[in-house]
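Whatever order the structure lists ligands and atoms in, that order sets their numbers, starting from 1. Just so it is clear, the structure is predicted and the values come from calculations on it, not from any experiment.
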Amino acid sequence: MAKMWAGVTGGETAGIADDFNSSIKFDSRMAKQDIRGSMAHAMMLAHAGIITQAESELIIDGLESILEDLESGKLAIDETSEDIHMFVEQELTGRIGDAGKKLHTARSRNDQVALDLRLYLLDESEEILAKIKNLISAVVGKAEEYKSAIMPGYTHLQRAQPVTFGHHLMAYAMMLLRDTERIKECKKRINVSPIGCCALAGTAYDTDRRFEAEELGFGGICLNSIDGVSDRDFAAELLSDIAILMMHLSRFAEEIVLWSSWEFGFISISDLFITGSSIMPQKKNPDMAELVRGKTGRAYGDLFALLTVLKGLPLAYNKDMQEDKESVFDACDTAKACLDVFAGMICGMTAKTENMRKAAETGFINATDLADYLVGKGLPFRDAYKTAGRIVAECMKTGKVLETFALDDYKAFCPKIEEDVFEAVDLDACVTRRKSEGGTSVGSVEAQIAFVKSVILQ
Ligand code: ARG
């Protein structure tokens, strides 16, 4: 069939070229946005006196009926169309006749596709934000439940200092809060209208770009028409934000995998979010967490695919840019699916607080507190650190921990040590003492929870 763009050529192309050129299989996802954009365009054309009010209304009614029929399933996308923009326009003209042919006045597919992608990503980023918020609520809920459950905090995956599980969980809430801020910030740059930039140079028609942008709810318009049709920064930025979000989720996922292992035994994941093995009847596998960790690679790949497509492209539009969409769609789908499953998994997670406590009781995670105690007795920190180290080494040799080391044995290392050393190395006291803002004391964790709640409830 001859193409809508048949002009200098007859529009006859090889079937294999048509298939290769077509983006309808993936860009039909933007049908709703494409129709919304076209409705606003028809309104602007009438407002500017480029088409009549009657023509504009005919176009808008036609577009509305197409949207309804697509949503109800009455109208199927014609997969032989070149892209979603051509499909909608063809369908419109089929329904309303000549007025349909006027819709594409003072625009091009170049600004149209940029518009659709921006509208699509505004919708997607709203959804992603809502899902992050849902996950933050789940994390905060668990942090509240376990705000005084003591566990070892780690550095280098070695037991380091006592913290509470609630405190550890709140670290993730803070990361997710920053992810929220980043996406909100990115939305400001997505929220700029490219429509009216036309093919690249703007238009000689007396259009009103600001009217059309306002109609669509945009905060402003792209101020350079060449940039407006060439810019995909907003998509690269959202995909970077998603990559960072996924990096956070993958760290969390990794800890869930570790914590749920027999070796750690810190948590159990609800049966609703684990899988069994096909041959080992005892297995409870943390597949959801592993998949989130794995899909992080995919989200990074999407970002790199997009950046690579854009790299070195001359201005303005190039067909390479059609390749932007699948990465963008995939990254958004991946993030949304991971956020949903993560929130479910966190809600159903229970902490084995006794095991956490037991792990905290070994590994000398109160050694820093012993050193601080010695500083309190007048030793310079470096000397206190060495003495505490020697005491720990002795405990290791004799199979003791700081809580069971005899006072006389302590005194042999430093005569200034008194009975109050046992209060210094008591795990609960170690946590309670860390009252510094952002620290692990229960009061501090409560303050963190209150802060995060106040921000997400805004
Ligand atoms: N399907 C195209 C895309 O996704 C739409 C823009 C086509 N523009 C053009 N000049 N061929 O990028």
Side-chain angles (χ1 to χ4, degrees), residues 1-38 40-41 66 70 77-93 101 103-124 190 193-203 222 224-236 238-239 302 305-333:
M1 195 175 73
K3 302 291 180 295
M4 281 171 88
W5 43 255
V8 73
T9 76
E12 290 294 342
T13 44
I16 192 174
D18 287 344
D19 289 346
F20 191 67
N21 194 35
S22 170
S23 54
I24 189 103
K25 284 201 176 74
F26 48 88
D27 66 16
S28 55
R29 274 191 187 231
M30 305 191 302
K32 201 174 85 190
Q33 289 78 14
D34 192 73
I35 291 172
R36 252 182 79 202
S38 287
H41 193 64
I66 293 174
L70 279 176
I77 302 269
D78 174 5
E79 298 223 327
T80 64
S81 291
E82 191 174 314
D83 55 31
I84 188 62
H85 326 294
M86 292 296 204
F87 169 76
V88 171
E89 197 184 324
Q90 242 153 9
E91 181 63 29
L92 178 71
T93 305
K101 295 187 197 160
L103 172 62
H104 210 53
T105 316
R107 76 171 184 188
S108 143
R109 268 188 300 159
N110 298 350
D111 55 346
Q112 190 180 355
V113 72
L115 172 70
D116 291 4
L117 192 60
R118 283 175 183 270
L119 290 174
Y120 185 86
L121 289 186
L122 283 173
D123 292 344
E124 288 293 294
I190 306 176
S193 170
I195 196 72
C197 290
C198 300
L200 77 163
T203 182
C222 304
N224 177 299
S225 63
I226 297 176
D227 181 42
V229 291
S230 311
D231 173 23
R232 296 290 184 272
D233 300 6
F234 60 91
L238 183 63
L239 265 51
D302 290 328
L306 179 63
L307 289 172
T308 312
V309 162
L310 297 172
K311 177 188 175 294
L313 283 187
L315 301 179
Y317 178 83
N318 301 271
K319 193 64 176 240
D320 313 44
M321 290 159 84
Q322 179 163 288
E323 290 291 312
D324 59 4
K325 285 167 213 61
E326 284 161 295
S327 316
V328 168
F329 297 158
D330 187 69
C332 293
D333 290 350

Identify each donor-acceptor pair in which a side-chain atom of residues 112-121 lies under 3.5 Å from a protein atom, sequence neighbours left out, and give them as a table.
residue: Q112; atom: NE2; partner: D34; partner atom: OD1; Å: 3.0
residue: D116; atom: OD2; partner: H85; partner atom: ND1; Å: 3.2
residue: R118; atom: NE; partner: V192; partner atom: O; Å: 3.4
residue: R118; atom: NH1; partner: R189; partner atom: O; Å: 2.9
residue: R118; atom: NH1; partner: I190; partner atom: O; Å: 3.1
residue: R118; atom: NH1; partner: V192; partner atom: O; Å: 3.3
residue: R118; atom: NH2; partner: D231; partner atom: OD2; Å: 2.9
residue: Y120; atom: OH; partner: R29; partner atom: NH1; Å: 2.7

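Residues passing the side chain to side chain contact (heavy atoms under 4.5 Å, CB included) test with D19: none are found, sequence neighbours excluded. Partners of K101 by salt bridge (Lys or Arg N to Asp or Glu O under 4.0 Å), not counting sequence neighbours, listed by chain and number: D98.
Counting heavy atoms from C-beta on, the side chains of D324 and L310 never come closer than 4.5 Å.
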Could you go through ligand 1 and list every pair where one of its N or O atoms sits under 3.5 Å from a protein N or O, giving the atom names and the distance to one decimal?
residue: ligand 1; atom: 1 (N); partner: S23; partner atom: OG; Å: 3.2
residue: ligand 1; atom: 1 (N); partner: D83; partner atom: OD2; Å: 3.0
residue: ligand 1; atom: 1 (N); partner: Q322; partner atom: OE1; Å: 2.7
residue: ligand 1; atom: 4 (O); partner: K325; partner atom: NZ; Å: 2.6
residue: ligand 1; atom: 8 (N); partner: N110; partner atom: OD1; Å: 3.0
residue: ligand 1; atom: 10 (N); partner: N110; partner atom: OD1; Å: 3.0
residue: ligand 1; atom: 12 (O); partner: Y317; partner atom: OH; Å: 2.4

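With hydrogens and angles ignored, the 3.5 Å screen pairs no side-chain donor or acceptor of N318 with any backbone N or O of L313.
Side chains of K325 and S23: a donor-acceptor N/O pair is absent below 3.5 angstrom, by distance only.
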